[in-house]
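First the structure, in the form of structure tokens, and then the observations on it.
Side chains included, hydrogens not; waters and symmetry mates left out as well; all remaining heavy atoms used. This is a predicted model, so every value here is computed, not measured. In what follows, every chain begins at residue 1, and chains take the letters A, B, ... in the order their sequences are listed.
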Amino acid sequence: MLDIKFIRENKERVKTSIKNRGVDFPLDRLLSNDEKKRKVLTELETLRHKSNISSKEIGGLKQTGKDTKKEMAAMKDVSNRIKKMEDEQTVLNKDIDALMLMVPNITHESTPVGRDNTFNKEIKTWGAERKPKFSFPPRSHLEIAKNLGLINFSASAKMTGGGFSLFTGIGARLERALINFMLDLHTKKHGYKEISPPLLANRQSMITCGQLPKLEEDMYKLKDEDYFLIPTAEVPLTNIHAKEILEACDLPLYYTACTPCFRREAGAYGKETKGLIRVHQFDKVELMKYVKPGTSYDELEKLLSDAEDVLQMLEVPYRVVALSTGDISFASSKCYDIEAWAGSQNAYLEVSSCSNFEDFQARRGLIRYREEGKVRYVHTLNGSGLALPRIVVALLENNQKEDGSVTIPKALQPYMDGMEVIK
RNA sequence: GGAGGGAUGGCUGAGUGGUUGAAAGCGGCGGUCUUGAAAACCGUUGUUGCUUCACGGCAACCGAGGGUUCGAAUCCUUCUCCCUCCGCCA
């Protein structure tokens, strides 16, 4: 959420930002309602002031046993007018509140301007020389996993449905090894605190992060309660300090959590529905930071490099892309995607989005801190570090040998009881 | 699932219809005292909105919403959360 005052005073900037994102938003309606609201509020407060004074008067008169009929009749009138204005205010507030939740964040000046992902900007590549050159026709991760008995898609389809995975044996072990490897890296080397949160979150938590009101369709919702299956650990992590005032000396706070992520992927039918690339449930290690405003862009770079570290240690080639205004999410000001190279896809796959939300989420969730007596909103950032299934795709495809075996990167071997090759 | 109890400022906790935004204590901050610290003493100490060039002024907020009343922290009502006990279960 943006500050209404900021919107009022920077109308053109907000307008441009909305336009650059290629979305529609009734900014004029918001501003005119806001103006009306303030007018009503001023009148309302004048009336309340009158009522407060006269109420005290009546109290005083009553105590001395005097007659208050006249005063009470006048108060009744004022009180009715107040009620009327309050109703008016409620209607305005409802509309304003709903609109305020729909205003996208202002994109940072370094975010490339453009209407869609073709305007994204490649920032860097790493390990291009490590991209595998196959002397044989490479198999897809699906084939490899099937041949080595790592994943059983027909079992998951039978018990649940399409778009789910069931890891078996060494496959399941590989998942667990990756999770432990990443969590160890982030907690021990990068200084994040490990969290194991609920996997269901309520409506307000979803609003805080910006998943709601816009993306309700994309989430799994419980029938009997107003709870959602979390689409990312960003939701619980960002809500840890919702409605709190933190102390400046406690910042920055770094959290990490590995959780399953549930996504309906509505509208994505037909797109990469086979295999591990797009599934309804996947594990992801998430990184999340609460920081002071002035530091958030430096913190974003650090967050990015913490996520990159995973790929470097796993020796997976990747590139980093700065998302354009048309591709960036509703809540973020700036976002880097990390894309891992997958050898037989012959393409980069998104494995992480690292975003700075500035105070957009903090405003929605009332996440603040106190410094020198002043209360301010924190800046929140998050990024995957990393999403599991696509890492598995990259590892299987990049490290496959002609005989169908797959080598395990050195950094991961201790987590696999020293196993060097899956065969 | 059943039965009770509760939710007040950073914390503990008083307050059952009328100058109560709220006693008291703790904590925090400032000061006096001290070589320094502690203790003691004095003062100060919530958030948000509107308005003002500014000093300031006004309003709202005692878990959330709705109601009663001239007037609600205080009465009624719905909801949420927490605690205790019982039951069930991993």
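- Contact annotation: A/Arg38 side-chain N/O to B/U51 OP1/OP2 distance is under 4.0 Å.
- Rounding to the nearest 0.5 angstrom, the gap separating the CE atom in A/Met419 from the OG1 atom in A/Thr407 is 12.5 Å.
- Closest to the side chain of A/Ser55, out of B/G71, B/U19, B/C50, is B/G71.
- Note that CD of A/Gln211 is 5.5 Å distant from CD of A/Glu234, once rounded to the nearest 0.5 Å.
- Among the nucleotides B/C70, B/C50, B/U47, the one closest to the side chain of A/Leu41 is B/C50.
- Between the CG atom of A/Leu366 and the C1' atom of B/A64 there is a distance of 14 Å, rounded to whole Å.
- Separation of the P atoms belonging to B/A37 and B/U32 is 11 Å when rounded to the nearest angstrom.
- What separates CE of A/Met85 from C1' of B/A60 is a distance of 16 Å, to the nearest Å.
- Residue A/Arg363 is classed as having no contact, given no heavy-atom separation below 4.0 Å to the nucleic acid.
- Separating the CZ atom of A/Arg48 from the P atom of B/G21 is a distance of 15 Å, rounded to the nearest angstrom.
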Go ahead and write out RNA chain B as dot-bracket, 5' to 3': ( ) for pairs within the strand, [ ] for ones crossing earlier pairs, | when the partner sits on another strand, dots for unpaired; Watson-Crick or G-U wobble, both distances under 3.5 Å.
((((((((.[[[..)..(.....]]]((((((.......))))))((((((....)))))).[[[[[..)....]]]]])))))))....

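- Other residues, nucleotides and ligands place more than 12 heavy atoms under 6.0 Å from the CZ atom of A/Arg8.
- Comparing the same atom, C1', in B/U47 and in B/G9 gives a spacing of 9 Å after rounding to whole Å.
- Atom NZ in A/Lys37 sits roughly 10 Å away from atom P in B/G49 (whole-Å rounding).
- Heavy-atom distances to RNA chain B give each of A/Ala73 and A/Thr46 a nearest nucleotide, and the one nearer the 5′ end belongs to A/Thr46.
- Taking atom P on both B/U19 and B/U74, the two are 14 Å apart, rounded to the nearest angstrom.
- The local environment of CD in A/Glu244 is crowded, with over 12 non-hydrogen atoms from other residues, nucleotides or ligands closer than 6.0 Å.
- With A/Lys189 as the partner, the salt bridge (charged side-chain N to carboxylate O under 4.0 Å, His left out) test is satisfied by one option alone out of A/Asp309, A/Asp184, A/Asp306: A/Asp309.
- Atom C1' of nucleotide B/C70 and atom CE of A/Met75 are separated by 4 Å, given to the nearest angstrom.
- For B/A59, the OP1/OP2 oxygens have a side-chain nitrogen or oxygen of A/His49 closer than 4.0 Å.
- Between A/Arg203 and B/U80 there is no side-chain polar atom (N or O) within less than 4.0 angstrom of OP1 or OP2.
- Across all their heavy atoms, A/Gly385 and A/Val310 have their closest contact at O-CG2, 3.9 Å.
- Distance noted for atom P between B/C42 and B/G57: 27 Å (whole Å).
- Between the P atoms of B/U34 and B/G25, the separation comes to 27 Å (whole Å).
- Distances shorter than 4.0 Å separate some side-chain N or O of A/Ser79 from OP1 or OP2 on B/G71.
- Here the P atom of nucleotide B/C70 and the CZ atom of A/Arg81 are 17 Å apart, to the nearest Å.
- Between the P atom of B/U47 and the CD1 atom of A/Ile367 lies a distance of 18 Å, rounded to the nearest Å.
- A distance of about 43 Å separates the P atoms of B/C50 and B/C41, rounded to the whole Å.
- When the nucleotides B/U68, B/A59, B/U47 are ranked by their closest atom to the side chain of A/Lys83, B/U68 comes out on top.
- Taking 4.0 Å as the cut-off between side-chain N and carboxylate O, A/Glu339 and A/Arg390 do not count as a salt-bridged pair.
- With A/Asn398 contributing its side chain and A/Gly343 its backbone, the two residues share a donor-acceptor pair below 3.5 Å.
- Within the 4.0 angstrom heavy-atom criterion, only backbone atoms of the sugar-phosphate kind lie near A/Lys5; the bases stay farther away.
- Nucleotides B/U45 and B/C26, compared at atom C1', are 13 Å apart to the nearest Å.
- For the OP1/OP2 pair of B/A59 and a distance below 4.0 Å, the side-chain nitrogens and oxygens of A/Asn52 include at least one atom meeting the criterion.
- Which of B/A59, B/C81, B/G18 sits closest to the side chain of A/Ile58 comes down to B/G18.
- Atom CG in A/Asp34 sits about 12 Å away from atom P in B/G49, given to the nearest Å.
- With respect to the salt-bridge test (charged N to carboxylate O, under 4.0 angstrom), the residues A/Asp95 and A/Arg29 qualify.
- Each of A/Ile4 and A/Glu71 has a nearest nucleotide on RNA chain B; the 5'-most of these lies closest to A/Ile4.
- Regarding contacts with the backbone of B/C70, a side-chain N or O of A/Lys76 is found under 4.0 angstrom from either OP1 or OP2.
- The P atoms of B/G30 and B/U80 are separated by 45 Å, rounded to the nearest whole Å.
- Proximity note for A/Arg368 (side chain, C-beta onward) versus B/U47, B/C81, B/G71: the nearest is B/U47.
- Ion pairing between A/Asp226 and A/Lys221 holds under the 4.0 Å rule for side-chain N and carboxylate O.
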